[in-house]
Structure formats: structure tokens, C-alpha cells
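Questions regarding the structure given below will be posed in turn.
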2 protein chains.
Amino acid sequence: MVRIADVAKLANVSTATVSRVISNAGTVKKETAEKVLEAIKKLNYQPNMLARQLRRSETKTILVVVPDITNTFFSVVLRGIESVAIENGYQVLLGDARNDVESETSFLTILGQKKADGLILLTARTDQKILEDLSQDFPVVLACEYYEGSKLPTVSIDNVSSARKATEYLISLNHKRIGHISGPLNIVVGRDRYRGFHQAMAQHGLSVDPSLIQEGEFSFESGFNLMMKFLSLENPPTALFAGNDEMAMGAIKAAKSKGLRVPEDLSVVGFDDIQFASIFEPALTTVAQPTFDMGQKAMRLLLNLIKDEELEKDQFILPDKLIVRESCKELTIEE
Amino acid sequence: MVRIADVAKLANVSTATVSRVISNAGTVKKETAEKVLEAIKKLNYQPNMLARQLRRSETKTILVVVPDITNTFFSVVLRGIESVAIENGYQVLLGDARNDVESETSFLTILGQKKADGLILLTARTDQKILEDLSQDFPVVLACEYYEGSKLPTVSIDNVSSARKATEYLISLNHKRIGHISGPLNIVVGRDRYRGFHQAMAQHGLSVDPSLIQEGEFSFESGFNLMMKFLSLENPPTALFAGNDEMAMGAIKAAKSKGLRVPEDLSVVGFDDIQFASIFEPALTTVAQPTFDMGQKAMRLLLNLIKDEELEKDQFILPDKLIVRESCKELTIEE
DNA sequence: ACATTTATTGTAATCGATTACATTGAGAAT
DNA sequence: ATTCTCAATGTAATCGATTACAATAAATGT
């Protein structure tokens, strides 16, 4: 392995000088620098990052913990993160929690071990206190998910208002019996969308039939199964707000399997606007999150934190958008 | 920051002893070890990995370069990799090439910089020579994609024979005018599936009409557009073998848009069996790759390489499987 | 002509662990 | 009683860079 000392010897200078050339200190005479550069080239020298990192005590690496890397929603956020990381000379260490809280938490030790300079969490299922303590000592940013009433720097959308918006769209289409298949209620975004749904209903003077509310787990299957439940009701819903796109698709599949047509017999709106939402038939009306932007923003915030810069604020709410496609239709009164 | 010296002082031993306790050397008296452990606990000490890594010159980190993290196919492979990495005390540094060869290549410097102990490439678009040189100096494993006639350790399926199998399935359904939308031919898997298609046709004495062969780019859109071309032909194909599932779905969408029914008027088989393949309508008949297993196997190989163990062989071909669903139908003669 | 900057380079400490080698003392062997 | 062995621990070198401080020479000011 070529060391800086080898370069120094070949160029007939001290290691300090070589180091100065590498770091572009600008205090090295031109000719000397050229000699050094030449030696570096000749020896094909690459600095050992471990040594540099130890000395500088920074790794130029950040840790990203994802609840489920297999979910395109998160991988797009991740891409946003990595794009600005790379731009700024940082690399991304990946922690795939596989939807398991314990494994999520176990990744956090990496920070104390100095293997990363900061952390972006795309999930907020770890005990809140643990994380808040951690963020005393290390730069931490949350994205997508968050803790209620926490000061932790966060980038997300306003799930409550988005859910309200989605529900109101259904209401504007004259629907009154609207069902909701929520995400897990122990996850904030599941809870917030659930709230938004209820708010919208209340604001429009619509009562919600408890049998039209079910808690899913963000999966296609759960959407399918819970919709089946709805369909076996005496008086099934005419519209459905699903906590995410997968469940929306599952629900639509269930409706179709029972011979219903979507949107003619059932209107459905989803959440997230995953890639497949537009390909699915009917193309899904859904709430689009600015996934890539959220990732970028989160990384920028983390960079600020790492450089010890003041944040203009802690909570960043990015704009979402209701994407109207083909899965909803106005309810025509027929009695 | 708590250092090993602090622990040593508190426990009234030398740093060497503390280090021995940490690494479980077994040469430390029980009572001493207990004192040390207590001190570690009291100070909440965590070893600085940078220092350890520098001294041991190993990072317990591996680099995974993915062509497109946004593609579920690859993220499942990644999950396989990470699962055995974690099991073995390794972490995963992620390189998302965003389908760009240059950025793919640029990640490779990380190895020379000693930021990772080894490399798994889920893409093989970098210049072959560069990679083969690299693998002289560092542990490198390819997964999913590969170089033709290279000795680089590889985990993949046999794309040629799988494509043959897929095509033969169509042939067994009496189809004769079979089209093929291939992946990019500068990517091995695109090329190999293209070959497999031709082999199957030739073996069954079927000539392939050049106008029924188009090169796509593995995207939904390209599948759609190229199918549109086929459909404007005087004599369109009755069946299609698409180089991957996205293109297959695009093609089906195109056919539907022209009023054709799938599979009644057009049979389609895809490749990869991505999550959405079974949800899509009609559910896609496709070739399933053992994605998760491939990731695991690749990581195990890399571990062998890192430990300087002999590999039993270099090329590992894992079994794939034709998943028959609803997108194909027997051709009934009608003239 | 001498003092004072300034530019350039070198020497050696440092980051925080691991580990080769040295040391100590107790018990075993002769 | 003396030597030898071995277990347990300590001392200090080491990994490969960066950088504080020192040193030197050249340039500038008066």
C-alpha cells in the first residue's frame, strides 16, 4: 500500500508538504506542488481515509435508516438524500430496518462509534426519548415520519391536512358513506391521516359509521382483506380513502373481485403516489408527496447541523398535491 | 468524548487490558475484567471505530453499487445483501448510480480509499478492464449483471436459458408470430435475453421477423411506445416476450389502448417478477429471479473473499422460475 | 545595514485504538 | 533453594494521515 511517506520520499519533501498539496492549502510553491503531484501520479497514491478521518474526527459519511428499502416511496427519498450527499462529498451508510423497530434502534449505535457524522431517519418508531437524547450528541434529522410535539428537525408533509383534502375531494363528489382504511395507528402518518379523515367528515357535518373504519398495515393484502369486510356489510361505502396506495389498490382489487366497477360503483383515493399508481387500472387518484425533495431537504438540513449552523426552523412542511386520476367519480343520486 | 484511556484510568489498569477485555481475548483475570466492564458501563464508553479500523485496517463495511435504487428488483437484492452483512457484523455503504455509468465508476474509488473492505456490484456497465484490475486488489463480487467470459465472481441466473424458456412457453401456446422488446443491448442481461429468444425461435424452426424485434430501455414508457409500433404493423405479433416486467406492462397498456384484449388477442410474458407483476391486470406471466437469495449469496461470497478463503467456483447460477399467471393464452387457429 | 515580515518547508505531536514485546510474580519442576 | 513456566498485566510502537509549531530563507521596510 502506498503511503504518504512514500510520496514524500519520491518527491523529496516532507509528508507535511504532501498533505498540504493534497488539501490544497495553497501555501506550497508551485514547482514543489508539481513535483508532489507527479509523485502521487507515479505511485498512484490515494490517501487512506481511515487515517484522515481519525485525525479530523469526521467520516464524511451519514447514516440513513429506512423502514423498508423495498418500498419505492422510501427509495426515492433515499435517492434525494444521496444526491445532495454526494454533491457535498458525503457517502451514505444504509440501514434497512425491515419494518422492525428493534433493528431500527440497533442502527443508532453506529453514531456513537463514530462511523457516521450524522443520521437521517425515514422512520420514527424508536422510543422518542432515546432519539432526543441521541440528537443532543449528534446531528439527527427526521424525514417523512416524525414525533408529535418534538423539537427534532423534521421534513415532511402535513399528513392531517392532506388527508382532509383527499377526503374533501370525495365529499365534493357527493359521497356521504365514505370508508377509511387507515395505516397502523401506532405510526404517526397512519394516525395523522386517520385524523384528517375524521376532521373533514366532521367539518362537512357527515357522521362516520364506525364499521366503515378499519386499521390496515400499509400492505396490498390488508387493503384487500379490509375492503372485503366492507363489502360484506349490509350498507357498504360508496367511497374509500385509503391510508396509502398499496392498500388502495388492494381495496380496488377486492371490489373488482366482487363484481363492482371502480370508479362507477366505488370511488377510491390513495396516498403517496407511488410509481405504480398511474399504471394501475383505474389510474389512482392519490396524494403525491414530494419524495425526492424531502430527501434533498433533509440532507441539506443535516449538513447544516453537521456544520453547526443555526437552522431557520425545526419543522419543515413541504407541499403535497392531490393528483386526480381515474379512481373517483361523482355519486349520482339513485333512490 | 470518552476514550479508552479514561476507562483504563477509572479501572486502574492499562489501556491494553481494557482493549483485551473488549476484544474478549480471554487472557484477563476475571476480577480485572469485571472492574473494566464496570468502568465501561459507568462512563458509557464506546470504542472509536475509526481508530480501530485504522489499526486493524479493516472497516467492516462493504460497498454496494446499484444501478437504480428506485427499482424494487434491486432493492430486494440489496436487502438480501444487507441481511447477511448485518449478521456478520458488516455495514453497507450505498452507491446509487442512477443508471449512469460514470457515476457508477466514480464509486469505485471508495475501495482504494479504504472506506470499505469489499464491493458488490449489481451492475456491470463499467469498463470490464477497470473492474478486473480492481478485483486484483480488492474483494469484488458481481450480482445480477455480469461480464461475458470474465473470471469475476458472479451470482446470477442464466438469462439466456430463462429467456428461451419464456419464449418456448409462448411457442407451446401455438404462437408463431412472436415479438420481442428487448432491454438495452449494451447491457448483458438485455443481450442475453435477446439471445435466448432467438435461440428458442430457431430451435423450433420459427423465423423471426426483424420488424418484430425492438430495443427498449427497460422502462414502462419504452414498452408502451414500442408496442405501439408493433400494433401499427400490417401483421402485428400475437405474442410478445418483453425483456422485463415494466416493458411488458407498458406493452399491455398499449395493446389495451388500441382495444386489444390481453391475453385473448395478445399474449405477453415479462421478466423479473417484480412486486407489481401479480397485481397488474392481467396478472403477468413472467420469469422470477431469486432476488433475495442472489443478494445473500453474493454477500456470502464477498465474505469468503474478504477472509481470503478459496471460492468453490467463480460463477454461481441460481435457479429461476417461469411464473404462469394470466397474461398468456393459447392461440386458436382462426383463418 | 539591520530588523522585521512573509513565504515555504520541515519536525514531531496527535487522533484513539490494537498489539508486539517486556515485565512481574506465583507456582511447578528439579 | 534455584530455575523454569506460565498467567496476567503493562509499556510503548504502530496504523497513516493532519497540523501546531519551529526553522529557514528571502523579501521588505526604515
Discussion item. Expected output is a numbered-order residue list: members of residues 42-55 of chain A with a heavy atom under 4.0 Å from any atom of DNA chain C. What is it?
Written reply: L54(A), R55(A)
Worksheet, complete the sentence: Taken in chain and number order and not counting sequence neighbours, the residues that satisfy side-chain contact (heavy atoms from CB on, under 4.5 Å) with S150(B) are Q128(B), E132(B), Y147(B), L152(B)
Item to complete: Quick one: list whatever passes side-chain hydrogen bond (donor to acceptor under 3.5 Å, both in side chains) with T154(A), sequence neighbours left out.
Response: Q315(A)
Worksheet item: Which pairs, with at least one residue in residues 3-16 of chain B and sequence neighbours excluded, count as a salt bridge (charged side-chain N to carboxylate O under 4.0 Å, His left out)?
Response: R3(B)-D6(B)
Using atom types as modelled, flag every donor-acceptor pair under 3.5 Å from a side chain in residues 38-58 of chain B to any protein atom, sequence neighbours excluded.
from   : atom 1 : to     : atom 2 : distance (Å)
N48(B) : OD1    : L50(B) : N      : 2.8
N48(B) : OD1    : A51(B) : N      : 3.3

Item to complete: Name all pairs fulfilling the salt bridge (charged side-chain N to carboxylate O under 4.0 Å, His left out) condition that reach into residues 105-130 of chain B, sequence neighbours left out, sorted by first residue then second.
Response: R125(B)-E145(B), K129(B)-D133(B)
Discussion item. Among residues 3-22 of chain B, which ones have heavy-atom contacts with DNA chain D below 4.0 Å?
Written reply: N12(B), V13(B), S14(B), T15(B), A16(B), T17(B), R20(B)
Worksheet item: Does anything in residues 14-34 of chain A pair up under salt bridge (charged side-chain N to carboxylate O under 4.0 Å, His left out), and if so which pairs, sequence neighbours excluded?
Response: none
Worksheet item: If you measure from CG on L303(A) to CE on M299(A), what distance do you get to the nearest 0.5 Å?
Response: 4.5 Å
Discussion item. For R300(A), give me all partners under side-chain contact (heavy atoms from CB on, under 4.5 Å), at least two apart in sequence or on another chain.
Written reply: V84(A), Q296(A)
Practice prompt. Check every nucleotide of DNA chain C for an atom under 4.0 Å from a heavy-atom of chain A, then give the first and the last such nucleotide from 5' to 3'.
Written response: dT8(C) to dG16(C)
Fill in: Pair R79(B) + D96(A): basic N to acidic O under 4.0 Å
yes
Discussion item. Identify the stems formed by DNA chain C, where each pair is Watson-Crick or G-U wobble with both distances under 3.5 angstrom and a stem is at least 3 consecutive pairs.
Written reply: C:1-30 with D:1-30
Discussion item. Is there a side chain to side chain contact (heavy atoms under 4.5 Å, CB included) between V36(B) and V28(B)? Walk through the geometry before answering.
Written reply: CA-CA 10 Å; V36(B) 171; V28(B) 180; 5.9 Å; no
Discussion item. Any donor-acceptor pair under 3.5 Å linking the side-chain atoms of T123(B) with those of E104(B)?
Written reply: yes
Worksheet entry | Donor-acceptor under 3.5 Å (N71(B) side chain, F73(B) main chain) | yes
Item to complete: Output the residues of residues 28-36 of chain A in contact with DNA chain C, where contact means a heavy atom of the residue under 4.0 Å from an atom of the strand; sort by number or write none.
Response: V28(A), K29(A), T32(A)
Worksheet entry | Neighbour count >12 (heavy atoms, 6.0 Å) for atom CD, E148(B) | yes
Fill in: Under 3.5 Å: donor-acceptor pair, side chain of S19(A), backbone of T15(A)
no
Response to the item:
Between the CD1 atom in I81(A) and the CD1 atom in I86(A), the distance rounded to the nearest 0.5 Å is 12.0 Å
